[in-house]
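Numbering of ligands and ligand atoms starts at 1, following listing order. As the structure is a prediction and not an experimental result, all values here were calculated from the model.
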Amino acid sequence: MDLGLADRTYLVTGGSSGVGLATVRALLDEGANVATCGRDADRLKSIGTHERLFTAPCDVRDAAAVREFTGAAAHAFGGVDGLVNNAGQSRMKRFDETTEDDWRDELELKFAGVLNPLHAARPHLRASTAASVVNVNAVLAKQPEPRLITTSAARAGILNLSASLARELAPDAIRVNSVCLGLVDTGQWTRRHAAAGSGLPYEEWQAELAADRGVALGRLGRAEEVAYAILALLSPRASYITGTSIDVCGGVGRGIL
Ligand code: NDP
């Protein structure tokens, strides 16, 4: 099936690694123009070059920098049809380990990571004939984990915000949806494996992790598996889907939602 993404333009935040990078590659494969950002210019360069790819270093918490990035991307490709708010990371802390700064930083990252790109892209999205926003979220939003207390709370807020935005932006025909991830094999987990110092090879460590967290499919997900869900929601073919979320979690979700 042709997803209808070719020649359209998509902004993907945090495209230098993991889910963002897989999404950038999948969109390029579909013939779309892609603009992506990350904080580290060298990591961005490691994506390589492509005639339909625009990259620029930008921290999503910095509203002015996000406006500049978005304006440059829209200028390069003649507009913006979709936005994937993916940049971010999680914070492994329990309540008693969490400082005031942790709370503030986590909430700032999660909310600014959606609001800054959306404010910057909104005029361009309004002008698109197939505008779509996808917020990359986590099943933690619906199933909190005490060991990730700030991230769980922030994720719940973002899922709630996504539902509000879907209604607020519907008159402009801008769709807003989420993907809620379980455990996906990306830089986040290779860093944690290194930090854990378990001595187990990465594959075995991952299998133990999946079993410990009750992942029905018994393994971590692949970034490409998330990218397919994101592309499906970005696609003009999903023109009647807004205000919802897709769990991409291998069956870790225990609720019926
Ligand atoms: P990675 O660590 O592999 O990649 C994160 C990307 O975001 C990098 O490109 C990073 O680049 C960028 N980034 C981080 N902070 C900022 C910032 N402030 N401004 C701009 N770019 C930033 O992460 P994943 O692919 O695993 O995660 C992608 C999203 O999915 C994140 O929001 C994460 O929280 C969420 N998620 C992931 C899960 C998983 O198991 N992997 C589970 C649930 C949710 P740089 O560091 O150079 O800025």
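- Taking a 4.0 Å cut-off on heavy atoms, Leu109 registers as neighbouring ligand 1.
- Of the candidates Arg191, Gln188, Arg155, it is Gln188 that places a heavy atom closest to atom 23 (O) of ligand 1.
- Looking from atom 30 (O) of ligand 1 to the surrounding protein, the closest heavy atom is Val136 CG1, 3.4 Å.
- The protein non-hydrogen atom at the shortest distance from atom 41 (N) of ligand 1 is Val184 O, 3.0 Å.
- The shell of residues lying under 4.0 angstrom from ligand 1, judged by heavy atoms, includes Asn137.
- In the hydrophobic cluster analysis, where Ile, Leu, Val, Met, Phe, Trp and Tyr join through side-chain heavy atoms closer than 4.5 angstrom, Ile246 is grouped apart from Val139.
- Distance alone, capped at 3.5 Å, is enough to place a donor-acceptor pair between the Thr151 side chain and the Arg91 backbone.
- Ala138 CB, 3.5 Å is the protein heavy atom nearest to atom 43 (C) of ligand 1.
- Counting heavy atoms closer than 4.0 Å to ligand 1, residue Arg43 contributes side-chain atoms (C-beta onward) but none from N, CA, C or O.
- Using 4.0 Å as the threshold, Cys180 has no heavy atom nearer than that to any atom of ligand 1.
- Counting protein heavy atoms only, atom 28 (C) of ligand 1 is closest to Asn86 OD1, 3.1 Å.
- Protein heavy atom in closest approach to atom 18 (N) of ligand 1: Asp59 OD1, 2.9 Å.
- The aromatic rings of Trp205 and Trp189 sit tilted relative to each other, their planes meeting at an angle between 30° and 60°.
- A side chain to side chain contact (heavy atoms under 4.5 Å, CB included) with Leu27 is found for one member of Val24, Thr23, Asp29 and no other, namely Thr23.
- Leu5 and Leu11 sit in two unconnected hydrophobic clusters of ILVMFWY residues. Membership requires side-chain heavy atoms under 4.5 Å apart, directly or through other members.
- Using modelled atom types, one finds no donor on one side chain facing an acceptor on the other under 3.5 Å when comparing Ser178 with Asn137.
- Among Ala154, Gly18, Gly182, the residue whose heavy atom lies nearest to atom 38 (C) of ligand 1 is Gly182.
- More than 12 heavy atoms of other residues, nucleotides or ligands shown are found within 6.0 angstrom of CD on Glu108.
- Using a 4.5 Å cut-off between side-chain heavy atoms of Ile, Leu, Val, Met, Phe, Trp and Tyr, with links allowed through other members, Val84 and Val34 fall into the same hydrophobic cluster.
- The nearest heavy-atom contact from the protein to atom 24 (P) of ligand 1 is Thr186 OG1, 3.5 Å.
- Regarding atom 8 (C) of ligand 1, its nearest protein heavy-atom neighbour is Ser16 OG, 3.7 Å.
- Side-chain heavy atoms closer than 4.5 Å link hydrophobic residues (I, L, V, M, F, W, Y) into clusters, and following such links, even through other members, never connects Leu159 to Ile241.
- Protein heavy atom nearest atom 36 (N) of ligand 1, with residue, atom name and distance: Leu181 CD1, 3.8 Å.
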